[in-house]
**Student:** 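First the structure, then my questions, so here it is.
Every chain is numbered from 1, with letters handed out A, B, ... down the list of sequences.
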Number of protein chains: 2
Amino acid sequence: MRDALDRAGAFRTAQALHDEMKAAGETVGLTTVYRTLQGLADAGEIDVLRTDEGEAIYRRCATGDHHHHLVCRSCGASVEVASDEVERWAAATAELHGFTDVVHTAELYGVCGSCA
Amino acid sequence: MRDALDRAGAFRTAQALHDEMKAAGETVGLTTVYRTLQGLADAGEIDVLRTDEGEAIYRRCATGDHHHHLVCRSCGASVEVASDEVERWAAATAELHGFTDVVHTAELYGVCGSCA
DNA sequence: GCGGTTTTGACAATCGTTTTCAACTAGCCT
DNA sequence: AGGCTAGTTGAAAACGATTGTCAAAACCGC
């Protein structure tokens, strides 16, 4: 499964991943794909985002550290970006309004150079 | 419907809103709630986010301008925040990696002062 | 009132995801 | 080997949010 995600090198839905694994000759059930993805996500080995339509998309990232993504909405390719600015902004904003235990999401969606 | 959202003053799922409207004595079908919310969202009159679980949550915001949210994960209360820093970061990052037509999301989730 | 359009909402259908459960494996003890 | 147990698998059923269907109800200009 990790292999399949690495092969993709981009964000994929569980079902897309399943299709690709089947196409690659692997015999695996959709249930197992969901289960394994969930496990990897819980273990922090892969990142999970939600599309506008609410579908979960998964990606194996180079680092387990906190970071954000610049995702191509056409092919799913993505760049991992870290940003002190965003971290500082999030922390400052949370404190300003008296919120605690704050986590943040910050993702960029566009069209990559190859797809344009 | 707008009234109900205003009354809530916070992010709500379609179903929660439906419950609250029923409780307030309004007779309205869940279908209509979904339909109306969709219409308002398309018209840019309300904001839509997705929870971690993929559910859509809706909120009537004070401004139609682009902004982000600091949302309480306990009661749904939220603060609208605008940030030049984030806008600049998004634009610069997109350009750096050759992405075009980039939109971004940036939301903060925490626990508000009243709920803490 | 009266035909025609629009809005409504109960219900069924859809779709992503999770659960169930029986079949299958893998390991392990003897 | 043979048998026992625990863990893993995947097909099919269940689930929950959302959307589609369609007939009934409300509205409108006449």
Side-chain angles (χ1 to χ4, degrees), chain A residues 1-8 10-60 69 71-76 78 105 107 109, chain B residues 1-8 10-60 69 71-76 78 105 107 109:
Chain A
M1 174 81 85
R2 240 181 292 241
D3 299 352
L5 270 174
D6 282 344
R7 216 181 303 131
F11 277 100
R12 287 289 135 91
T13 63
Q15 315 211 33
L17 206 54
H18 181 232
D19 289 348
E20 287 174 18
M21 292 173 79
K22 290 281 273 298
E26 293 174 68
T27 64
V28 64
L30 184 54
T31 307
T32 305
V33 173
Y34 274 110
R35 220 168 353 214
T36 311
L37 286 174
Q38 180 125 283
L40 289 172
D42 287 351
E45 294 199 37
I46 60 178
D47 282 10
V48 189
L49 294 182
R50 290 272 171 183
T51 65
D52 275 355
E53 295 85 45
E55 284 174 289
I57 51 178
Y58 304 86
R59 155 104 205 246
R60 182 130 200 274
H69 302 94
V71 185
C72 175
R73 86 176 114 249
S74 166
C75 69
S78 66
T105 64
E107 312 297 338
Y109 299 92
Chain B
M1 174 80 85
R2 239 181 292 240
D3 299 352
L5 270 174
D6 283 343
R7 213 180 306 132
F11 278 100
R12 287 290 135 91
T13 63
Q15 317 213 34
L17 207 52
H18 180 232
D19 289 349
E20 287 174 17
M21 292 173 78
K22 289 280 272 299
E26 293 174 68
T27 62
V28 65
L30 184 54
T31 308
T32 304
V33 172
Y34 273 110
R35 221 171 351 215
T36 309
L37 286 173
Q38 180 124 283
L40 289 171
D42 287 351
E45 294 199 37
I46 59 177
D47 283 10
V48 190
L49 294 181
R50 290 275 170 183
T51 66
D52 275 356
E53 296 84 42
E55 283 174 289
I57 52 179
Y58 304 86
R59 155 103 205 247
R60 183 129 198 275
H69 302 95
V71 185
C72 174
R73 85 176 114 249
S74 166
C75 69
S78 66
T105 65
E107 312 297 337
Y109 299 92

**Student:** Sequence neighbours excluded, which residues qualify as salt bridge (Lys or Arg N to Asp or Glu O under 4.0 Å) partners of Arg35(B)?
**Tutor:** none

**Student:** Name the nucleic acid region contacted by Glu53(A), choosing base, sugar-phosphate or nothing; use a 4.0 angstrom heavy-atom cut-off, strictly under.
**Tutor:** nothing

**Student:** Between the protein and nucleotides 9-12 of chain D, which nitrogen or oxygen pairs are less than 3.5 angstrom apart?
**Tutor:**
from    : atom 1 : to       : atom 2 : distance (Å)
dG10(D) : OP1    : Thr27(A) : O      : 3.3
dG10(D) : OP2    : Gly29(A) : N      : 3.1
dG10(D) : OP2    : Thr32(A) : OG1    : 2.5
dG10(D) : N7     : Arg35(A) : NH2    : 2.5
dG10(D) : O6     : Arg35(A) : NH1    : 3.4
dA11(D) : N7     : Thr31(A) : OG1    : 3.4
dA11(D) : N6     : Thr31(A) : OG1    : 3.3
dA12(D) : N6     : Thr31(A) : OG1    : 3.4

**Student:** Determine whether the aromatic ring centres of residues His69(A) and Tyr109(A) are separated by less than 6.0 angstrom.
**Tutor:** no

**Student:** For the pair made of NE2 in His18(B) and P in dA17(D), what is the distance, rounded to whole Å?
**Tutor:** 13 Å

**Student:** Could you list the residues that satisfy salt bridge (Lys or Arg N to Asp or Glu O under 4.0 Å) with Asp6(A), not counting sequence neighbours?
**Tutor:** Arg60(A)

**Student:** 5' to 3' on DNA chain C, which nucleotides open and close the contacts with chain A (atom under 4.0 Å from a heavy atom)?
**Tutor:** dG16(C) to dT19(C)

**Student:** Write down the distance between CZ (Arg12(B)) and C1' (dA17(D)), rounded to a whole number of angstrom.
**Tutor:** 18 Å

**Student:** According to ring pair (Phe, Tyr, Trp, His ring centres under 6.0 Å), who are the partners of His18(A), at least two apart in sequence or on a separate chain?
**Tutor:** none

**Student:** Given dG16(D), is OP1 or OP2 found less than 4.0 Å from the side-chain N or O atoms of Gln15(B)?
**Tutor:** no

**Student:** Just to verify, what does Arg50(A) make a side-chain hydrogen bond (donor to acceptor under 3.5 Å, both in side chains) with, not counting sequence neighbours?
**Tutor:** none

**Student:** Please identify each residue that fulfils side-chain hydrogen bond (donor to acceptor under 3.5 Å, both in side chains) with Gln38(A), with sequence neighbours left out.
**Tutor:** none

**Student:** By side chain to side chain contact (heavy atoms under 4.5 Å, CB included), which residues pair with Tyr34(B), not counting sequence neighbours?
**Tutor:** Ala14(B), Gln15(B), Leu30(B)

**Student:** How many Å lie between CG on Asp19(B) and P on dA17(D), as a whole number?
**Tutor:** 11 Å

**Student:** Can you list, pair by pair, the side-chain donor-acceptor contacts under 3.5 Å of residues 52-59 of chain A, counting residues two or more places apart and other chains?
**Tutor:**
from     : atom 1 : to       : atom 2 : distance (Å)
Arg59(A) : NH1    : Ser78(A) : O      : 3.0
Arg59(A) : NH1    : Ser78(A) : OG     : 2.2
Arg59(A) : NH2    : Glu80(A) : OE2    : 3.4

**Student:** For dT18(D), does OP1 or OP2 lie under 4.0 Å from any side-chain N or O of Tyr34(B)?
**Tutor:** yes

